[in-house]
Novice: 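Here it is: the structure, laid out below.
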Number of protein chains: 2
Amino acid sequence: MASVAIIGASGMIGASLARTLITRGALGRERLDALILSDIRKSDIEGEATHWVTGDAADFETIDRLVASRPDVIFHVAATAMGQADSNFSIGYHINFDTVRATVEAIRLAGDDYCPRLVHASSIGVYGAPFPALIDDAVQPRPDSSYGTQKLMSEAIIADYSRMGFVDGICLRLPTIAVRPGEATHGNSGFFSNIIREPLEGRRAVLPASDDVRHWLASPETAVAQLIHAANLEGPIPAEARALVMPGVSLTVEVLLAALAERAGEDLLSLIDRTDPPVYGPQDFPACFAAETARNLGFPLLEERAVDFIDGFLRKRFPA
Amino acid sequence: MASVAIIGASGMIGASLARTLITRGALGRERLDALILSDIRKSDIEGEATHWVTGDAADFETIDRLVASRPDVIFHVAATAMGQADSNFSIGYHINFDTVRATVEAIRLAGDDYCPRLVHASSIGVYGAPFPALIDDAVQPRPDSSYGTQKLMSEAIIADYSRMGFVDGICLRLPTIAVRPGEATHGNSGFFSNIIREPLEGRRAVLPASDDVRHWLASPETAVAQLIHAANLEGPIPAEARALVMPGVSLTVEVLLAALAERAGEDLLSLIDRTDPPVYGPQDFPACFAAETARNLGFPLLEERAVDFIDGFLRKRFPA
């Protein structure tokens, strides 16, 4: 029996995680006996033994209501994306850092030796340019964005509260998610999703990067599977695993477009509008991670090749 | 002409920095035309064109009064020491992180293209065990204390506000300061000062470490000289130099005690009470840093040998 809370349950990852848990009725081997969903706004997600706590998670009153029922596992997947965190400076710190700090502080103040597993969605955005060709777990993160800074600060405070024994935290540096569902986004890595989703929906997509741009990708299903795996790791999490890069697939724009053509026809490529010159070149994105600690801990990866990203999107969008 | 503010002006480093600036009447080549001293409590430090802003620097109203006069250089040297930050958990975050965040936020909101040099006293405490024998600037800081976590978070937010062009920040990872003036302290590295100061004052000192413990030390005068050097660097500071380890001297307890005996007599060693067994062994402290970025930028170091630490203390304590 496990009780679970999701902070950011209306977001892309949070909603997908919530639906997965409700469908399975379990968190790994444990039956799910309570699910608290929290976000600024309620979504239409409902389930047995599911209830909503709406409000700003940076606001102590909101987070305290969530902590009051002492969930065994808290997923913190509330975030504003890289583009927004940099252009709306205060909002970025508020959503990406203050909500994390409020969460660990509310847990600390709960007392009763309450020490839940906290699974936080961090990001490979903690690494900034210049990027080594292969980034292993010894490479020092040096963010070049406010988003990456906020994620790094969140990792640091979660590690400290964990070291003190207040919480058992783990931060997953998730790959860039593709194919993101919903509308085309204009975040700096959003085009990796746009160039697949939009043509498959019969819409035009802007490609601001050259063909040789290589990046580290995972599907939304992989991200959810990785978060659930983190929740189920035997604890407490070792200090060197409190923040770790997740497995992903290293793919170029060229290979992604070839996979799109292979699965859905060459014609779709005509729906892609390249910026001239490209805004992004190969030096602008981290290409490949070793993710050695996460692989040793058995973190899953549901894709192998570029076509798997196309197929995964098609399965969900056009179910048989 | 330079106007300067010191946040934490009543602390060990802040007071020493303030006295140095007032005595010289200059910040490097620039004449000092205004000096704002800020702390929770005023000290007896006074000088020409010097005035106090008292209050909590994490409180926006206080920091805003300081920023209102648009100092060219702001030194942020307010901190609570490692021992206190870990035992008084909330106070540590408040003093070591919230005051830094309030400072950069007040600078950002000041507008008018105001972009001062911000020199922040960080610490080698951002590195945690296990320590490589030599820590170069590529080694990833992983704090094993709340103090180190707060310093790392402060470095991250200062780097981000600097990247955004709101401030021109630089964080000095200062060595452990010896000989600290004043009372014996019980912080985890305080004994490096206690075993010199206390015997020289005719008092007993507790030594909780084995003879072979090696650590990275600098005098208060070196720390002040390094802070002033940072204030005078041609700007803007490059991204890779926004947080950097400062030069220091790598010394063992054994060598420090031998220097004490050499300068003040073997008898003094009888005033040292060793804990049995030692609380700290060689694995508990970082022994040696390359500090290659700081050396390339010309950061000063006023000591070479263990006896220099003894002599420096004696010169101040018993002026000729």
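The chains referred to below are lettered A, B, ... by the order of the sequence lines, with proteins before strands, and numbering in each begins at 1.
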Novice: Looking at Ala159(A), Gly128(A), Ser145(A), which has the largest count of heavy-atom pairs under 4.5 Å with chain B?
Specialist: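 Option with the greatest count: Ser145(A).
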Novice: Side chain, backbone, both or neither: which part of Ala138(B) has an atom under 4.5 Å from a heavy atom of chain A?
Specialist: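 For Ala138(B), the backbone is the part near chain A, not the side chain.
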Novice: Could you grab the distance from atom CG of Asp284(A) to atom CZ of Arg214(A), nearest 0.5 Å is fine?
Specialist: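 Output value for this atom pair is 15.5 Å.
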Novice: Keeping the roles fixed (side chain from Thr62(A), backbone from Asp56(A)), state whether a donor-acceptor pair exists under 3.5 Å.
Specialist: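 Pair found, side chain donor or acceptor close to backbone of Asp56(A).
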Novice: Does anything in residues 104-112 of chain B reach chain A? List residues with heavy atoms under 4.5 Å apart, or say none.
Specialist: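 Counting heavy atoms that sit under 4.5 Å from chain A, the residues of residues 104-112 of chain B involved are Glu105(B), Arg108(B).
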Novice: List the residues meeting salt bridge (Lys or Arg N to Asp or Glu O under 4.0 Å) with Arg242(B), not counting sequence neighbours, and say none if there are none.
Specialist: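 Here the qualifying residues are Asp168(B).
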Novice: Looking only at heavy atoms and a cut-off of under 4.5 Å, which of Glu240(B), Glu155(B), Arg101(B) has the most pairs with chain A?
Specialist: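 Of the candidates given, the most pairs with chain A belong to Arg101(B).
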Novice: Is there a side-chain contact (heavy atoms from CB on, under 4.5 Å) between Val100(B) and Tyr161(B) once you walk through the steps?
Specialist: CA-CA 11 Å; Val100(B) 171; Tyr161(B) 276 66; over 6 Å; no
Novice: Give a yes or no on whether the backbone of Glu292(A) and the side-chain of Asn296(A) come within a donor-acceptor separation of less than 3.5 Å.
Specialist: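 Side chain of Asn296(A) to backbone of Glu292(A): a pair is present.
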Novice: With ring-ring contact (aromatic ring centres under 6.0 Å, His included) as the rule and sequence neighbours excluded, what pairs involving residues 125-145 of chain A come up?
Specialist: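 Sorted result for residues 125-145 of chain A: Tyr127(A)-Phe289(A).
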Novice: Looking at Ser154(B), Ala156(B), Ala243(B), Ala239(B), which makes the most heavy-atom pairs under 4.5 Å with chain A?
Specialist: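 Of the options given, most contacts go to Ala156(B).
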Novice: Please check this pair: side chain of Trp216(B) against backbone of Phe285(B), looking for a donor-acceptor N/O pair closer than 3.5 Å.
Specialist: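 No: the side chain of Trp216(B) does not pair with the backbone of Phe285(B).
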Novice: Not counting sequence neighbours, list each pair that qualifies as a ring-ring contact (aromatic ring centres under 6.0 Å, His included) and has a residue in residues 62-82 of chain A.
Specialist: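 Every pair satisfying ring-ring contact (aromatic ring centres under 6.0 Å, His included) with a residue in residues 62-82 of chain A: His76(A)-His120(A).
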